[in-house]
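Residues take their numbers from the sequence shown, with the count starting at 1.
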Amino acid sequence: MLHVAFGKMSSMSPNSGSVEAIFRPLAPGEGSVLTEAIRAAYGDSYDVRWVYDEAEVEARLEAGTYVSFVAESGEGELLCHEGMSLAEAGDAVGHAGQAVTMPVARGQHLFTRTKQRLMEWATERGMAGMFSESTAAHPFSQRANLDLGAHETGFLLGWIPASVDNDAAADARPRRQSVALFYAKLGDGHERPVYAPARHRDIVQRTLELCELRGTLAEPPPDAEIPERTGLHVEVDEDHNLALLTAHEPGSDLESAVAAERHHLFHRRNVDAIYLDLPLENPATALLADHLERLGVSYAGVFPNPRTTGDVLRLQSLHRARIAPDDVTVASDHGRELLDYVLADLPD
């Protein structure tokens, strides 16, 4: 394994004619590298706004809540960037993103090679894994994740705003786009029970097995205590025009609590989509989640959420976003099976 913590490495792809690249992590004072790369690739349309703030990028690099790897030419020209966010420095699972390949380097598999360096860095530090979202507007970044050993864990329909300019997409019409969730296992996490609702047990089980997650499906204990009121955190993402609801403590009023927030967010805040996270290590998720089908809430996948312990069952509800099967591209047989499940679970 290459040691990449502080030094530079050069790498030549075995493909004939591939560009030689030097891979290294960004230092805390190099926030402008990311901001300039994002602007070069997306203009002002990228849907994570903090990447345009050089001081914010540098603060995250300094705090250890963001790790950034770049590929450069021998002359120091940026060729590719890949980053990883952490809820706190030292977290076991990271969230990869901000992948940018400059036009001069396209076709050289530099995204795969740069992310591989980032994964090696994370493995050396004992991390358990890395989640990421890949656009479903085209299969290229999905194939790269599959090449790196990652697997699909879900699909977030309508996640990307129509305003994001993606020049690799086949369809130039402005509409909300979807993403595929991927998980790359780097090490063993902790053994834990997984309380999935009956309706989704089979697909959750297949996800656990394929991604080699150390969770084991379990039945809620007969004496499981359900609190009267749901602990619900609501975060509205103005840039995405969507909301993320985290039921960190599902209670007996889960259905009514979600119904009230859903109505407010759709009809007062006019968001396009809502995503609801339920903790899979809490027996209440298995006991209460199936009732949410009446609200038009459907399956999205398995995902980490820093506001809960362990992974979450992510559900989704679309308002003004309309998704057709042809809008979502997949790159593997498992991805097709999972997407078919997600689409079939949508309300009529």
Side-chain angles (χ1 to χ4, degrees), residues 1-38 40-41 48 51 57-58 60-86 89-135 140-151 182-188 211 304 331:
M1 182 181 297
L2 294 173
H3 182 73
V4 300
F6 302 105
K8 294 184 178 182
M9 303 137 293
S10 65
S11 172
M12 177 72 77
S13 169
N15 297 330
S16 176
S18 289
V19 65
E20 186 170 3
I22 296 170
F23 299 89
R24 67 177 182 88
L26 284 186
E30 295 183 290
S32 63
V33 175
L34 174 57
T35 60
E36 291 171 8
I38 292 292
V48 178
V51 300
V57 175
E58 293 183 351
R60 294 181 184 218
L61 289 169
E62 180 69 37
T65 56
Y66 190 67
V67 181
S68 182
F69 264 73
V70 295
E72 297 173 328
S73 69
E75 292 73 37
E77 178 186 8
L78 179 68
L79 302 174
C80 187
H81 173 276
E82 174 71 8
M84 177 178 66
S85 294
L86 301 163
D91 270 2
V93 176
H95 186 180
Q98 295 77 58
V100 178
T101 301
M102 307 306 288
V104 69
R106 288 180 181 169
Q108 307 295 329
H109 305 286
L110 272 177
F111 166 72
T112 308
R113 295 155 64 191
T114 306
K115 189 167 183 176
Q116 180 66 52
R117 300 309 190 276
L118 179 60
M119 291 170 67
E120 291 168 354
W121 182 94
T123 301
E124 289 179 356
R125 281 149 184 80
M127 291 182 62
M130 183 185 296
F131 266 91
S132 60
E133 298 111 356
S134 291
T135 178
F140 309 123
S141 58
Q142 294 183 54
R143 289 173 185 160
N145 276 306
L146 292 165
D147 289 343
L148 290 166
H151 297 286
F182 278 85
Y183 181 74
K185 180 179 178 178
L186 304 176
D188 288 330
C211 295

(message) Just to verify, what does Phe182 make a ring pair (Phe, Tyr, Trp, His ring centres under 6.0 Å) with, not counting sequence neighbours?
(response) none

At what distance, to the nearest 0.5 angstrom, does [atom1] of [X] lie from [atom2] of [Y]?
X      : Y      : atom1 : atom2 : result
Asn145 : His151 : CG    : NE2   : 11.0 Å
Met119 : Thr112 : CE    : OG1   : 10.5 Å
Trp121 : Met127 : CH2   : CE    : 7.0 Å
Glu20  : Ser73  : CD    : OG    : 10.0 Å

(request) Go through the structure and list residues passing side-chain contact (heavy atoms from CB on, under 4.5 Å) with Ala128, not counting sequence neighbours. (result) Ala92, Val93, Tyr183

(request) Could you tell me which residues satisfy side-chain contact (heavy atoms from CB on, under 4.5 Å) with Gln116, sequence neighbours excluded, listed by chain and number? (result) Glu120, Leu148

Closest heavy-atom pair and its distance - [X], [Y]:
X      : Y      : answer
Ser134 : Gln142 : CB-CG, 3.8 Å
Val51  : Val48  : CG2-O, 3.0 Å
Thr65  : Ala89  : CG2-N, 4.0 Å
Thr114 : Ala71  : OG1-CB, 3.6 Å

(request) Apply side-chain contact (heavy atoms from CB on, under 4.5 Å) to the pair Gln108 and Leu79, showing each step before the final yes or no. (result) CA-CA 10 Å; Gln108 307 295 329; Leu79 302 174; over 6 Å; no

(request) Please check if the side chain of Glu58 supplies one atom and the backbone of Gly31 the other of a donor-acceptor pair under 3.5 Å. (result) yes

(message) If we count only N and O atoms by modelled type, under 3.5 Å, do the side chains of His81 and Ser68 hold a donor and an acceptor together?
(response) yes

(request) From the options Ile38, Leu34, Val33, Leu26, select the one residue that forms a side-chain contact (heavy atoms from CB on, under 4.5 Å) with Val57. (result) Leu34

All side-chain hydrogen bond (donor to acceptor under 3.5 Å, both in side chains) counterparts of [X], not counting sequence neighbours:
X      : answer
Ser132 : Lys115
Ser141 : none
Glu30  : Arg24

(message) Less than 4.5 Å apart, side chain to side chain, heavy atoms only: is that true for Met130 and Leu118?
(response) yes

Tabulate below the donor-acceptor pairs under 3.5 Å that side-chain atoms of residues 95-104 make, not counting sequence neighbours, or state none.
from  : atom 1 : to     : atom 2 : distance (Å)
His95 : NE2    : Glu133 : OE1    : 3.0
His95 : NE2    : Glu133 : OE2    : 3.0
Gln98 : OE1    : Tyr66  : OH     : 3.0

(request) Kindly indicate, with the supporting measurements, whether the criterion side-chain contact (heavy atoms from CB on, under 4.5 Å) is fulfilled by Leu110 and Phe23. (result) CA-CA 10 Å; Leu110 272 177; Phe23 299 89; 3.9 Å; yes

(message) The criterion is salt bridge (Lys or Arg N to Asp or Glu O under 4.0 Å); which residues satisfy it with Asp147, sequence neighbours excluded?
(response) none

